[in-house]
Amino acid sequence: EIGVVVISRLRRRMMQRLFSSSGVECGYLCSQRAAIIVGKHNPLYAQESQYVTSEQLDEYPMVVYKDVNYGFAAEWEHLGLDNPKKRIVVSDRATMNEFIANTDAYTVAVHSEKAYSETAYYDDRRPLYLSDRSLDLDLCCITNKSRPLSAIAREYLAELKRIVAV
């Protein structure tokens, strides 16, 4: 009854048209700024500014977790980060985190202060933010326009909205 999707700001209009033409309604839940996560071995870790440009990132390899459900190819291309020679693809998050902790590589993620501050595992990581906001990510719910939601689905959606509003 309800789908939860992550859509980059770059793709939002296109996806809204696709959803609309498919009889699907897309409701906005929240937006998160995409973060560049670097470890202490990356020179950007020590910079004063919390913002970086794609030109600064071009000097370092990007580690990506292979997610078969969502790819950021259009976003990487838009930002000029689509050089396959500078991309390290890993099959699990633990390996990705090891690269970040022990090399000058970076990754792109949705950063949650709460998630990163509640464990010492991330002590040697720092979030930086892209100057370009086109990679900001919207969390949305999708539903069928022609079907009313069941009581349990409405309850789930209300709880989801309560949680992401924090």
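Sequence positions, counted from 1, serve as the residue numbers for this chain.
- Other residues, nucleotides and ligands place no more than 12 heavy atoms under 6.0 Å from the CD atom of Glu155.
- In this structure, the side chain of Arg154 engages the main chain of Leu149 through a donor-acceptor pair within 3.5 Å.
- Without hydrogens or angle criteria, Asn102 side chain to Glu98 main chain gives a donor-acceptor distance under 3.5 Å.
- In this structure, Ile142 and Glu25 have side chains that are not in contact, with every pair of non-hydrogen atoms separated by 4.5 Å or more.
- The hydrophobic cluster containing Ile36 also contains Val89, counting ILVMFWY residues as joined when their side-chain heavy atoms lie under 4.5 angstrom apart, directly or transitively.
- Proximity of a side-chain donor or acceptor of Ser22 to a complementary backbone N or O of Val24 within less than 3.5 Å is not detected.
- Remark: side-chain polar atoms of Ser21 are paired, donor with acceptor, to backbone N or O of Leu18 under 3.5 angstrom.
- The pair Arg12-Asp138 meets the salt-bridge criterion, with a side-chain N (NZ, NE, NH1 or NH2) lying under 4.0 Å from an Asp/Glu carboxylate O.
- For Ser150 and Glu1, the side-chain atoms include at least one donor-acceptor pair closer than 3.5 Å.
- Taking both residues in full, the closest heavy atoms of Leu128 and Ser49 are given as CD2-O, 3.7 Å, listed atom of the first, atom of the second, then distance.
- Looking only at distances, no side-chain donor or acceptor of Glu55 sits under 3.5 Å from a matching main-chain atom of Glu59.
- Here the side chain of Arg33 pairs a donor or acceptor atom with the backbone of Leu130 at under 3.5 angstrom.
- Hydrophobic clustering, with ILVMFWY side chains joined whenever heavy atoms are under 4.5 angstrom apart, keeps Tyr28 apart from Tyr156.
- Taking the side chain as every heavy atom from C-beta outward, Arg125 and Lys40 never approach each other to under 4.5 Å.
- Only one option out of Tyr60, Tyr45, Phe99 pairs with Tyr106 in a side-chain contact (heavy atoms from CB on, under 4.5 Å); it is Tyr60.
- Expressed to the nearest 0.5 Å, how far CG of Asp58 lies from NZ of Lys86 amounts to 5.5 Å.
- By the 4.5 Å heavy-atom criterion applied to side chains, Leu44 and Gln56 are counted as neighbours.
- By the 4.5 Å heavy-atom criterion applied to side chains, Gln47 and Val52 are counted as neighbours.
- Here OG1 of Thr103 is found 8.0 Å from CG of Asn42. Values are rounded to the nearest 0.5 Å.
- Between the side chains of Asp136 and Ser31, no donor-acceptor pair of N or O atoms lies under 3.5 Å.
- Contact of the Arg87 side chain with the Val64 side chain is registered, since non-hydrogen atoms from C-beta on lie closer than 4.5 Å.
- Going from atom CD1 of Ile2 over to atom SG of Cys141 covers 6.5 Å, rounded to the nearest 0.5 Å.
- The CD1 atom of Ile100 sits 11.5 Å away from atom OG1 of Thr95, with the distance rounded to the nearest 0.5 Å.
- One finds the CG atom of Leu160 at 8.5 Å from the SG atom of Cys30 (value rounded to the nearest 0.5 Å).
- Counting heavy atoms from C-beta on, the side chains of Met96 and Ile88 never come closer than 4.5 Å.
- Remark: Lys145 engages no residue in a salt bridge (Lys or Arg N to Asp or Glu O under 4.0 Å) (not counting sequence neighbours).
- Between Phe19 atom CZ and Asn144 atom CG the span is 12.5 Å, to the nearest 0.5 Å.
- Taking the side chain as every heavy atom from C-beta outward, Lys161 and Leu29 approach each other to under 4.5 Å.
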